[in-house]
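Following: one structure in structure tokens, then a few remarks.
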Amino acid sequence: MNDFTPETAYRYATGRCARAELCRADLRPKLLARGLAPDAAEALLDRLERERYIDERRYAAAFVHDKVTNNRWGRHKVRQALRLKGIGAEAVREALAAVDADAYAAGLDALLASKLRTVRAANDYERRMKLLRFAASRGFEPEWAAKVVDRLVGDD
């Protein structure tokens, strides 16, 4: 017998949502793993959205802030991660628009300056390419990365 009834699931989910911003993609597997039927899980997720425990825009804003500030991800990587979580394009666009350009540039600068200390390269061209590839792997726009790399490595 499954003790994870819809009411128990509701209390569990609201408790989780009270501790951290969650989206449907975060919460659905947790509910299913605890034994809630898929249709009951969808109904519960709908109820949580109606009651604003789950809010796509709020989640996107928190996710963008955390990933840009703490993980030093670029906009491309953040956009893709939110897309994979099923967050709507409009919510993603709003959250990314709220990123402070100066803080974003400072984060990229600090990230590449740190990486520069560990890069082994035979010449400046190789060093520049390694830094640009690293910035791209973190989701930063090529034009932003090129400006910072040019300043750190120097123009040829």
Side-chain angles (χ1 to χ4, degrees), residues 9 12-36 38 41-42 44-46 48-49 51-156:
Y12 166 79
T14 56
R16 297 288 307 234
C17 291
R19 288 189 295 277
E21 284 296 337
L22 298 174
C23 66
R24 290 178 80 97
D26 291 338
L27 203 48
R28 183 182 297 109
K30 293 176 187 345
L31 296 172
L32 297 176
R34 295 184 127 232
L36 194 62
E42 288 304 315
L44 175 58
L45 291 169
D46 291 340
L48 292 171
E49 280 184 343
E51 295 176 2
R52 298 195 36 96
Y53 281 102
I54 296 175
D55 184 280
E56 199 171 78
R57 285 175 168 26
R58 199 174 60 219
Y59 177 82
F63 188 89
V64 167
H65 177 267
D66 287 349
K67 296 303 179 188
V68 169
T69 305
N70 302 332
N71 296 50
R72 292 184 181 167
W73 284 11
R75 288 185 180 102
H76 292 310
K77 189 169 183 172
V78 172
R79 183 180 296 111
Q80 183 63 22
L82 287 170
R83 201 175 283 150
L84 289 172
K85 288 181 173 280
I87 304 300
E90 186 60 32
V92 173
R93 202 171 9 265
E94 287 176 13
L96 287 172
V99 173
D100 178 47
D102 293 334
Y104 187 73
L108 175 59
D109 190 73
L111 179 70
L112 290 179
S114 174
K115 182 65 176 176
L116 180 61
R117 290 190 289 275
T118 64
V119 168
R120 301 212 187 279
N123 54 49
D124 282 348
Y125 175 78
E126 187 180 337
R127 185 172 293 108
R128 176 179 278 105
M129 291 301 107
K130 286 184 176 187
L131 288 172
L132 289 172
R133 277 192 301 274
F134 178 72
S137 76
R138 287 296 188 96
F140 286 96
E141 299 86 342
E143 57 277 0
W144 284 72
K147 288 177 188 174
V148 174
V149 169
D150 286 346
R151 191 178 49 69
L152 290 174
V153 176
D155 286 327
D156 284 333

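All values below were derived from every heavy atom in this structure, side-chain atoms included, with hydrogens, water molecules and symmetry-related copies excluded.
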Val119 to Leu131 - nearest heavy-atom pair and separation: CG2-CD2, 4.0 Å

CG (Leu82) and CZ (Arg93) are apart, to the nearest 0.5 Å, by 12.5 Å

With sequence neighbours excluded, tell me which residues meet salt bridge (Lys or Arg N to Asp or Glu O under 4.0 Å) with Asp100. none

Mind checking what makes side-chain contact (heavy atoms from CB on, under 4.5 Å) contact with Ala41, not counting sequence neighbours? Leu31, Leu32, Leu36

ring-ring contact (aromatic ring centres under 6.0 Å, His included): which pairs involve residues 62-85, sequence neighbours left out? Tyr59-Phe63

Give, for atom CG of Leu116 and atom CZ of Arg128, the distance between the pair rounded to the nearest 0.5 Å. 11.0 Å

Under the side chain to side chain donor-acceptor pair (under 3.5 Å) rule, collect the residues that match up with Glu21, sequence neighbours excluded. Arg58

Rounded distance (nearest 0.5 Å) linking atom CG of Leu48 with atom SG of Cys23: 12.0 Å

Using a 3.5 Å cut-off and no angle test, enumerate the donor-acceptor pairs between side-chain atoms of residues 135-149 and protein atoms at least two apart in sequence or in another chain.
from, atom 1, to, atom 2, distance (Å)
Ser137, OG, Phe134, O, 2.7
Arg138, NH1, Asn71, O, 3.1
Arg138, NH1, Arg72, O, 3.4
Glu141, OE1, Tyr104, OH, 2.7
Glu141, OE2, Arg75, NH1, 3.3
Glu141, OE2, Tyr104, OH, 3.4

Closest heavy-atom pair, Ala60 versus Ala91, reported as atoms and distance to 0.1 Å, is CB-O, 3.8 Å

May I have the step-by-step check of side-chain contact (heavy atoms from CB on, under 4.5 Å) for Lys85 and Arg24, ending in yes or no? CA-CA 8 Å; Lys85 288 181 173 280; Arg24 290 178 80 97; over 6 Å; no

From Leu44 CG over to Leu27 CG, what is the distance, rounded to the nearest 0.5 angstrom? 7.0 Å

Less than 4.0 angstrom from a charged side-chain N to a carboxylate O is my criterion; do Arg120 and Glu126 meet it? no

Determine yes or no for a side-chain-to-main-chain donor-acceptor pair under 3.5 angstrom, with Glu56 supplying the side chain and Gly88 the backbone. yes

Hey, what do you get for CZ (Arg19) to OG1 (Thr14), rounding to the nearest 0.5 Å? 9.0 Å

Residues forming a side-chain contact (heavy atoms from CB on, under 4.5 Å) with Asn70, sequence neighbours excluded: Asp66

Measuring from Asp124:CG to Leu152:CG, what's the distance to the nearest 0.5 Å? 11.5 Å

